[in-house]
Amino acid sequence: MRNVARIVMTVLLIVVLGSGFRWLYLNRHQFMGADTALPDKTAVSALWNTTLSDQKGKSYPLAQFKGKPMILNFWATWCEPCRDEMPEISELATAHPDITVLGVAIDEAAAVHEFVESTPVSYPLLIAENEGMPLAETLGNNKGVLPYTVIVSAQGEITHIFFGRVNSEMLQKALKL
């Protein structure tokens with residue numbers, strides 16, 4: 001009798017797990033990759049109207065980067081996938097100085113300053129604190145996740161958005177490098 005109960009429980013567990021994995025597979029677009037609807041140019045105008053400062057207090061009016069391809073990476077010091085992707089983004093920024101690469105920290109200046117001391121990167125890390133998430137949402141982050149990366153073309157159009165960790169290959173493909 002115990003063997004029958006064990007077999008029934010095993011079968012039920014397999015059915016429940018299988019159903020869960022099937023549901024996740026069918027709804028994977030909600031959790032992975034980019035949505036098909038990219039933000040339009042009006043969303044990008046919010047970007048050009050923004051001025052952020054780095055951890056040293058230097059101001060960066062983002063409109064100064066119009067006309068160049070841009071990688072805009074929203075991150076935080078407490079976000080492990082954010083920290084994991086930074087070396088690859090940094091290498092890409094060094095290899096392609098014609099592309100603007102900006103890190104937008106959803107964090108406090110002190111935390112970013114401490115982070116930069118231990119993990120230098122080759123691109124500016126700008127402090128957005130609490131204002132960063134509304135900007136990310138305007139630029140398509142409807143999931144409220146970090147890291148979140150936006151590719152803006154030289155023409156000022158958002159061409160790609162990435163939820164979660166990116167790598168060099170993904171960015172090179174998006175930028176057609």
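Because the structure is a prediction, the values reported are computed rather than measured.
- Looking at Arg165 and Asp84, their side chains come closer than 4.5 Å, going by heavy atoms from C-beta outward.
- The environment of Asp98 atom CG is dense: over 12 non-hydrogen atoms of other residues, nucleotides or ligands sit within 6.0 angstrom.
- Smallest separation of non-hydrogen atoms from Thr50 and Leu135: OG1-CD1, 4.1 Å.
- The heavy-atom pair separating Ser59 from Ser53 by the smallest distance is OG-OG, 3.6 Å.
- The structure places CG of Leu146 at 5.0 Å from CH2 of Trp78, a figure rounded to the nearest 0.5 Å.
- A ring-centre distance under 6.0 Å is found for Phe163 and Tyr148.
- A heavy-atom distance below 4.5 Å is not found between the side chains of Leu175 and His96.
- At a threshold of 4.5 Å between non-hydrogen side-chain atoms, the residues Val116 and Gln55 count as touching.
- When all heavy atoms of Leu47 and Met70 are compared, the closest pair comes out as CD2-SD, 4.1 Å.
- Asn73 has its side chain within reach of Pro147: a pair of non-hydrogen atoms, C-beta onward, lies under 4.5 Å apart.
- For Glu131, the salt bridge (Lys or Arg N to Asp or Glu O under 4.0 Å) test picks out no residue, with sequence neighbours left out.
- Heavy atoms from other residues, nucleotides or ligands lying under 6.0 Å from CD of Glu114 number 12 at most.
- Considering CD of Glu129 and CG of Leu52, their distance stands at 10.5 Å, rounded to 0.5 Å.
- Within the 4.5 Å cutoff, side-chain heavy atoms of Asn141 are placed close to those of Met133.
- The closest side-chain heavy-atom distance from Met170 to Asn167 is below 4.5 Å.
- Relative orientation of the Phe115 and Trp75 rings is tilted, given thresholds of 30° and 60° on the angle between their planes.
- Contact detail for Trp48 and Ala63: the closest heavy-atom pair is O-CB, 3.3 Å.
- Shown here are the side-chain hydrogen bond (donor to acceptor under 3.5 Å, both in side chains) partners of Ser168, two or more places apart in sequence or in another chain: Gln172.
- Between the side chain of Ser45 and the main chain of Thr42, a donor-acceptor pair closer than 3.5 Å is present.
- Looking only at side-chain heavy atoms (C-beta outward), Leu102 and Phe65 come within less than 4.5 Å of each other.
- In this structure, CD in Glu108 is found 8.0 Å from CG in Asn130, a value given to the nearest 0.5 Å.
- Between Val121 and Val101, the closest side-chain pair of non-hydrogen atoms is not below 4.5 Å.
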